[in-house]
Amino acid sequence: MSSKVEYNSKESEQKWYSYWDEHNFFHSEVDEREPYSIVIPPPNVTGVLHMGHMLNNTIQDVLVRRARLLGKNACWVPGTDHASIATEAKVVAKLKTEGISKSDLTRDQFLSHAWEWTNEYGGKILNQLKKLGASCDWQRTKFTLDDDMYESVIDSFINLYNKGLIYRGYRMVNWDPEAQTTLSDEEVIYEEKQGKLYFISYPLENSDEKLTIATTRPETIFGDSAICINPKDERFTHLKGKKAIVPIVGRIIPIIEDEYVEMEFGTGCLKVTPAHDENDKTLGEKHKLEVFDIFNPDATLNSFGLHYEGQDRFEARKNFVTELEEKNFVIKVEDYTNKVGTSERTKAVIEPRLSDQWFLKMKDLAKPAIEAVLKSDDIKLHPKKFENTYRNWMENIRDWNISRQLWWGHQIPAYYFGDGEDDYVIAKTKEEALVKAKQKSEKSISLEDLKQDEDVLDTWFSSWLWPMSVFDGIRHPENEEFKYYYPTNDLVTGPDILFFWVARMIMAGYEYTDKKPFENVYLTGLVRDKKRQKMSKSLGNSPDALELIENYSADGVRVGLLLSNAAGNDLLFDEALCQQGKGFSNKIWNAYRLITSWTVDENLLQPESSKKAIDWYSSVFQEKLVELEDHYSKYRISDALMTSYKLVWDDFCSWFLEIIKPGYEQPIDKSTLSAAISLFEDNLKILHPFMPFVTEEIWHQIQKRKPEDALTVSKWPKLHSFDKQIISEFTFASEVISGIRTIRKEKNISFKNKIDLVVINNESANRTMDSIISKMGNIQDLTYSDAGMEGSLTFRVKSNEYFIPVDGAIDVEAEKEKLKEELNYYKGFLKSVEKKLSNERFVSNAPEKVVAIEKQKKEDALAQIETISKSLENL
RNA sequence: GGGUGCGUAGCUCAGUUGGUUCAGAGCAUCUGGUUUACACCCAGAAGGUCAGGGGUUCGAAUCCCUUCGCACCCA
C-alpha cells in the first residue's frame with residue numbers, strides 16, 4: 001500500500017485546488033439548471049484574512065459546495081470593496097512615512113498613489129480564501145471601483161436624486177477630525193469616558209448678579225450664543241429677559257426659555273452652542289440664535305477661540321479652564337462619566353459639526369424592507385432573533401449621510417456653477433452638467449465654470465448595490481445573467497453589519513428591482529477569544545489565519561471553526577477545535593487506509609454479520625441524511641457537521657468497520673468490500689462541503705477517475721425509504737454488546753478470551769443481530785434458554801437477561817447488591833408512574849396518548865420488577 | 001436612559017407548539033486497554049435542585065411575574 005499513516009494535507013490542498021481551478025469547476029454560466037447564487041460580503045481590498053472572514057467564508061463554501069453536489073448551478077461571486085476611510089487612511093499614513101502630505105497632492109496624484117497601493121495589496125485576501133478552499137467563481141471577481149461598478153454607483157445616485165430621494169442639507173454631522181471626514185451614525189462608537197463637569201459662573205449684564213452653568217466641554221464657551229432656562233423653574237424667573245456675558249469672550253448673549261432644559265441636571269441653566277451640539281442646534285433654530293463655529297476641520301480652534309486659536313480642542317480646554325480658574329469663573333469641578341462618540345476607524349473623538357452634506361431619505365425606502373423581513377417572510381433572517389434588532393432600527397430609521405470628505409471612492413456627480421445654495425446640477429459627465437447648468441441658471445456658462453463636488457460617497461453606498469451590480473443589474477437590468485442569478489439565494493455575514501449593509505441591500509433591492517436581493521440571511525457569530533474578547537488585530541489576540549491552516553490543514557480549520565458555531569452565537573475560538581478537525585480528517589484517512597488494506601478472496605462467502613452490518617449502515621446513513629437535510633434547511637451548519645461527524649466516526653468507523661473487519665491478515669469477501677467502498681464514498685460526499693480536500697484526495701485514491709467524475713462535481717446521495725426496524729434492532733444489539741463489554745471490564749476478562757453467552761429472551765427480541773453480537777462480543781457460543789444459570793455473571797437489556805458463565809467463584813453478594821439496586825430503581829419508578837395514573841385530573845385532562853404512554857411505562861416496570869425478583873431468588 | 005437577547009454538566013452549546021424510561025451532544029476529566037487502520041486511537045464511567053424566588057397547569061428547562069448576573073443594539 002502506498003498510503004501513508006498520516007495524511008499529507010499540504011500536498012493535497014495545493015494539488016486539488018489547482019485541479020478544481022484548472023477544470024473550471026467553480027465557474028458558472030447561465031444554463032437551464034436551477035441557479036444557486038451567493039455574493040461574498042466584499043472584504044476591504046487591502047485587508048488580510050482574519051478569523052471572521054474564515055468563519056464566514058467557510059460557511060458560504062459549505063453552502064455552495066452542497067448546492068453544487070445537489071446539481072444546482074452554483075455561483076459564488078467573490079470581490080472586494082474599496083473601503084474609503086480605511087484605505088485612504090492607510091495611504092495617507094504611508095505617504096507620511098515618505099514625507100509626503102496629502103494636502104501637497106492634487107486629487108489625481110493622490111489617487112494614483114492609492115491605486116498603486118491597491119494594486120500592490122489588492123486581492124491578497126482573495127488568494128488567502130483559496131487556501132481555505134473557497135470555491136468562488138474567480139472569473140467573476142469584482143471590485144467596487146471597477147469601471148462598471150463605478151458607473152452603477154453614479155447611475156444610482158443620479159437616479160435616486162431624480163426621484164427626489166437624495167438632497168443636500170446643512171446639518172449637524174459626525175465629524176472625524178483625524179480623518180477629516182463625516183461619518184454615518186453607524187460608524188460612531190459610543191464609549192464611556194471619565195470626564196469632568198465644570199461649573200462656570202456667567203455675569204449678568206448691568207447687574208452684580210451671576211448665574212452658573214454646568215458643562216463638560218468648557219472650550220465650547222467660545223461658541224455660546226445663549227443661556228437657556230426652563231420657564232417653569234422658579235429659581236430663575238427673575239432672569240427672564242435679561243442678558244448674560246460670556247466669560248473671557250465678553251459676548252453678550254440672551255437668556256432664553258425652553259422646556260427642553262432639565263431642571264434637575266447640573267444647575268438648571270444650560271449654555272447653548274448651536275454649532276457644536278445637535279440639541280443646541282435645534283434650540284438655536286427655534287430661538288433664532290447666532291451660530292459661532294469655533295473649530296477648524298482638524299478640531300483646532302479658529303479665530304473665535306481668541307488667544308487659543310490654533311490649539312487642539314483638548315489642549316485648549318485645559319488651558320482655558322486654567323484661565324477661567326485664575327479669573328475666578330470656576331465654581332467647582334466634579335468627576336463625571338459620559339458617553340463620548342468615537343470614530344470606528346480612527347478612534348478619534350467625534351466632533352458634532354455643521355456642514356453641507358448629501359443625504360438619502362430613508363423612510364420610504366425602508367417600507368418594503370420592513371414588509372419583506374417582518375411581515376411577508378420574503379426574506380428570512382437566521383437566527384430569527386435578529387428580526388427584533390432589525391425592526392428597531394428600521395422603524396426608527398434616519399436619513400443617511402452619504403457624503404464623505406475623502407478622495408478615494410466614487411466622486412459625487414454634483415457640479416456647482418455658482419455660490420448660491422441651489423447653484424448645482426447632478427449629471428453623469430461634466431458635459432452633461434454644462435447643458436443642465438445652462439438651463440438651470442439661464443446664463444452662459446463654460447466648462448471651466450463648473451466645479452465637481454470634491455467629496456466621495458460612503459463605501460456602503462456602493463456595497464448596498466452589490467448583489468445587483470455584480471451582475472450588472474443596475475446598468476442593464478434586462479441582461480440574462482441578472483435575470484438568472486438574481487435574487488441570490490443566501491447571504492452570510494456578521495450581525496455587526498446588519499444595518500450598515502444587510503438592511504441597506506434589502507432597501508436597494510426593492511427600490512431597483514422590486515425584488516428581494518437574497519432569500520436567506522445567515523448571521524454568523526463574532527469570533528472571540530477564550531476570554532470572550534472580540535478577536536482583532538489591535539488586541540493582538542487573533543491567531544494568524546494562514547498559520548492555522550499551515551498547522552491544522554484547511555479542512556481541520558474549517559471543521560474547527562464550524563464545530564462550536566451555532567448560528568448567531570458568538571464563537572469562542574480555541575485552537576483545540578482545529579486540532580479536533582485535523583484529528584477528524586486523520587480518522588477518515590485511516591478508515592480509507594483500512595479498507596484498502598484488505599485483500600479479496602473471490603471464493604469467500606459473505607459472513608452473516610457483514611451482511612447485517614451493510615443493511616444496517618445503509619439504513620442509518622439514510623436516517624442521518626434526512627437529519628442533515630433538516631439541519632441544512634434551518635441553516636444549522638454546525639449541527640449538520642456534528643451529525644456527519646458522529647455518523648462517520650461512531651457508526652461507520654467504530655461499528656461498521658469493526659464488524660466487517662476480517663481477522664488479522666485474513667482476506668475479505670468481495671461483496672462486503674465493494675459495499676464498504678460504496679458506503680464510504682457516500683460518506684465522502686456528505687463530508688465534502690466541510691472537508692473538501694481530504695475527501696477529494698481519498699476519492700481519487702479509491703480509484704482513478706476522470707475530471708468530470710471528481711468528487712466536487714459529483715452527486716449528493718439520493719434519499720430513499722429505509723428500514724427503521726433494522727436500526728432499532730441494531731441499537732438493541734449494541735446495548736447487549738455494551739453489556740458484555742462492561743462485564744468484561746468489571747471482571748477483568750480480556751477481550752481476547754472467548755466467552756459464552758446465554759440469553760433469556762423475555763423481550764422476544766429478533767435474533768437477526770446475533771451474528772453481530774457474537775463477533776463484537778467475541779462470543780464462543782450464543783445460546784437461548786428459559787432459565788437462568790448458576791455460576792454466571794449477569795446483565796440485563798430491557799427485560800432480556802444475559803448470562804456469562806465463568807470459571808471459579810462468583811461473588812454472589814455483589815451480584816445481589818447489583819440486582820437490588822436495579823430493583824429499587826424500578827420500584828421507585830413504578831411508584832411515580834402509579835402516582836401519576838392515580839391522579840384523576842391527570843387521567844381526565846392529559847391527552848389519551850400521554851396516558852397510554854404512562855400505562856405502558858407501568859407495564860414495563862412491573863415486568864422488570866418480576867424478572868429481577870426472580871433472578872434474586874435464583875441467587 | 002430606551003430596547004433586545006441570554007443564564008442548562010468543568011467548557012462550548014442543543015433541547016422544536018409545555019407531556020415517552022428520573023434533561024442531551026461535543027470537548028475536557030477519570031478508569032481500563034495497544035504487536036492487528038488510527039494514542040490525532042479503542043472501550044467504559046462520572047458529572048446538572050435547567051441563575052434565585054414566586055405563579056399558571058394534572059404536568060414547567062419550556063408559559064407568566066419578580067430579583068440577580070451577562071451580552072448586544074439604539075439614544
Side-chain angles (χ1 to χ4, degrees), chain A residues 1 3 5-7 185-186 188 190 278 339 341 383-393 395-396 398 495-496 498-499 525-526 528 530 532 552 556 563-566 568-574 576-577 579-598 630-631 634 636 638-639 641-643 645-646 649 653-654 657-658 661-666 737-738 740-746 748 750-752 776 798 825-826 828-830 832-833 835-847 849-858 860-861 864:
Chain A
M1 273 290 105
S3 50
V5 174
E6 216 171 313
Y7 162 64
D185 294 335
E186 287 70 29
V188 178
Y190 288 87
E278 178 83 60
K339 294 259 180 137
K384 219 174 158 59
K385 68 178 177 189
F386 285 106
E387 285 182 5
N388 282 328
T389 322
Y390 181 86
R391 168 179 291 119
N392 216 293
W393 190 74
E395 287 178 353
N396 299 296
R398 308 202 300 178
D496 48 339
L498 183 61
F499 309 131
L526 297 175
R528 295 172 185 278
K530 278 193 265 184
R532 280 198 184 271
Y552 301 106
L563 265 178
S564 82
N565 181 61
N569 278 328
D570 286 355
L571 167 63
L572 301 200
F573 183 74
D574 185 346
L577 292 169
Q579 183 55 49
Q580 197 185 338
K582 190 181 171 189
F584 187 37
S585 82
N586 186 56
K587 182 75 186 176
I588 299 163
W589 178 254
N590 277 294
Y592 153 73
R593 280 182 62 223
L594 175 65
I595 292 174
T596 49
S597 72
W598 294 328
D630 184 52
H631 288 321
K634 292 171 182 155
R636 296 172 158 240
S638 64
D639 288 338
L641 171 59
M642 192 44 74
T643 297
Y645 182 93
K646 284 194 280 190
W649 199 307
C653 294
S654 296
L657 289 182
E658 290 301 329
K661 190 175 178 176
Y664 183 51
E665 290 189 336
Q666 298 289 305
I737 294 162
S738 198
I740 296 167
R741 282 171 177 166
T742 304
I743 297 268
R744 279 183 183 274
K745 185 174 175 174
E746 274 174 5
N748 264 324
S750 161
F751 188 79
K752 284 177 215 154
M776 297 304 281
K798 292 198 175 163
Y825 164 79
Y826 280 108
F829 179 71
L830 180 67
S832 78
V833 174
K835 195 177 153 196
K836 239 185 198 178
L837 284 169
S838 62
N839 183 339
E840 206 185 305
R841 287 198 291 179
F842 170 73
V843 180
S844 52
N845 285 324
K849 207 173 133 197
V850 176
V851 178
I853 287 164
E854 289 302 315
K855 283 184 177 159
Q856 185 58 47
K857 281 189 208 170
K858 186 181 166 183
D860 290 346
Q864 288 288 2

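Heavy-atom basis, side chains included; hydrogens, waters and symmetry copies ignored. We name chains A, B, ... by the order of the sequence lines, and we start the count at 1 in each one.
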Trainee: Respond yes when some side-chain nitrogen or oxygen of W649(A) is under 4.0 Å from OP1 or OP2 of rC42(B), and no when none is.
Mentor: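 So the side-chain polar atoms of W649(A) do come within 4.0 Å of the phosphate oxygens OP1 or OP2 of rC42(B), strictly under.
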Trainee: For rG19(B) and rG59(B), measure between their P atoms and round to the nearest Å.
Mentor: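 Straight-line distance between the two P atoms is 14 Å.
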Trainee: Would you please confirm or rule out a distance under 4.0 Å between OP1 or OP2 of rU4(B) and any side-chain N or O of K384(A)?
Mentor: no
Trainee: Please work out whether the ring planes of W649(A) and F584(A) are parallel, tilted or perpendicular, with thresholds of 30° and 60°.
Mentor: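 Parallel, since the angle between the ring planes stays under 30°.
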Trainee: Could you tell me how far rC22(B) sits from rU12(B) if I compare only their C1' atoms? Round to whole Å.
Mentor: 26 Å
Trainee: Of all heavy-atom pairs between V850(A) and F842(A), which one has the smallest distance, and what is that distance?
Mentor: CG1-CZ, 4.0 Å
Trainee: Does the side chain of K661(A) reach to within under 4.5 Å of the side chain of W598(A), using non-hydrogen atoms?
Mentor: yes
Trainee: Whether R593(A) contacts rC41(B) is assessed here as follows: a side-chain N or O lying under 4.0 Å from the phosphate OP1 or OP2. Is that the case?
Mentor: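 Answer is no, no contact under 4.0 Å.
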Trainee: Base, sugar-phosphate, or nothing for K661(A), non-hydrogen atoms under 4.0 angstrom?
Mentor: base
Trainee: Counting side-chain heavy atoms from C-beta on, which of rC42(B), rU31(B), rC74(B) comes nearest to K587(A)?
Mentor: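 Selected nucleotide: rC42(B).
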Trainee: R636(A) has a side chain; which of rG15(B), rG19(B), rG32(B) sits nearest to it?
Mentor: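 The listed nucleotide nearest to R636(A)'s side chain is rG15(B).
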Trainee: What does N839(A) touch in the nucleic acid at a heavy-atom separation under 4.0 angstrom: a base, only the sugar-phosphate, or nothing?
Mentor: sugar-phosphate
Trainee: What nucleotide among rC27(B), rC38(B), rU4(B) has an atom nearest to a side-chain atom of Y645(A)?
Mentor: rC27(B)
Trainee: Quick check: any donor-acceptor pair below 3.5 Å linking the side-chain of E658(A) to the base of rA37(B)?
Mentor: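 Answer is yes: a donor-acceptor pair is held.
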Trainee: Taking only the side-chain heavy atoms of Q580(A) (C-beta and beyond), determine which of rG26(B), rC74(B), rA37(B) contains the nearest atom.
Mentor: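 Out of rG26(B), rC74(B), rA37(B), the nucleotide with an atom closest to Q580(A)'s side chain is rG26(B).
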Trainee: Identify whether any heavy atom of S585(A) sits under 4.0 Å from a base atom; if not, whether one sits that close to sugar-phosphate; answer base, sugar-phosphate or nothing.
Mentor: nothing
Trainee: Using a heavy-atom cut-off of under 4.0 Å over every strand shown, decide if E665(A) touches base, sugar-phosphate, or nothing.
Mentor: nothing
Trainee: Can you measure L577(A) atom CG to rC13(B) atom P for me and round it to whole angstrom units?
Mentor: 11 Å
Trainee: Minimum heavy-atom separation for F751(A) to R744(A), with atom names?
Mentor: CA-NH1, 3.3 Å
Trainee: Please classify the nucleic acid contact of W598(A) as base, sugar-phosphate, or nothing, using heavy-atom distances under 4.0 Å.
Mentor: nothing
Trainee: N590(A) has an atom CG; how far is it from atom P of rC41(B), in whole Å?
Mentor: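 That distance rounds to 10 Å.
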Trainee: On RNA chain B, check which nucleotide each of S738(A) and V850(A) is closest to and give me the residue with the more 5' one.
Mentor: V850(A)
Trainee: When the distance from CD of E854(A) to P of rC22(B) is rounded to whole Å, what number comes out?
Mentor: 12 Å
Trainee: May I ask you to decide if the ring planes of Y7(A) and W589(A) are parallel, tilted or perpendicular, using 30° and 60° as cut-offs?
Mentor: tilted
Trainee: From rA75(B), rU4(B), rC41(B), pick the nucleotide closest to the side chain of N388(A)?
Mentor: rU4(B)
Trainee: Answer yes or no: side-chain N or O of K385(A) and base N or O of rU4(B) forming a donor-acceptor pair under 3.5 Å.
Mentor: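 Donor-acceptor pair under 3.5 Å: no.
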Trainee: The side chain of K745(A) is closest to which nucleotide in this list: rU20(B), rA43(B), rC73(B)?
Mentor: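 So the side chain of K745(A) is nearest to rA43(B).
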Trainee: Give the nucleotide from the list rC58(B), rU31(B), rG3(B) with an atom nearest to the side chain of R841(A).
Mentor: rC58(B)
Trainee: Nearest nucleotide by nearest heavy atom, which residue falls closer to the 5' end of RNA chain B, D496(A) or P847(A)?
Mentor: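 Per heavy-atom nearest nucleotide, the more 5' residue is P847(A).
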Trainee: Quick one: which of rA14(B), rG26(B), rA43(B) gets closest to the side chain of R741(A)?
Mentor: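 The listed nucleotide nearest to R741(A)'s side chain is rA43(B).
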Trainee: Nearest to the side chain of T389(A), which nucleotide is it out of rC73(B), rU20(B), rA25(B)?
Mentor: rC73(B)
Trainee: Tell me: NZ of K752(A) to P of rU36(B), nearest whole Å?
Mentor: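 Atom-to-atom, K752(A) to rU36(B), this comes out as 10 Å.
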Trainee: Please report the shortest heavy-atom distance between D639(A) and R636(A), naming the atom on each side.
Mentor: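 Heavy atoms of D639(A) and R636(A) come nearest at OD2-NH1, 3.1 Å.
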Trainee: Is it true that, when you exclude E840(A) itself, more than 12 heavy atoms of the residues, nucleotides or ligands shown sit nearer than 6.0 Å to its CD?
Mentor: no
Trainee: Given rC73(B), is OP1 or OP2 found less than 4.0 Å from the side-chain N or O atoms of R391(A)?
Mentor: no
Trainee: Which nucleotide wins on minimum distance to the side chain of N586(A), given the candidates rC41(B), rC38(B), rC74(B)?
Mentor: rC38(B)
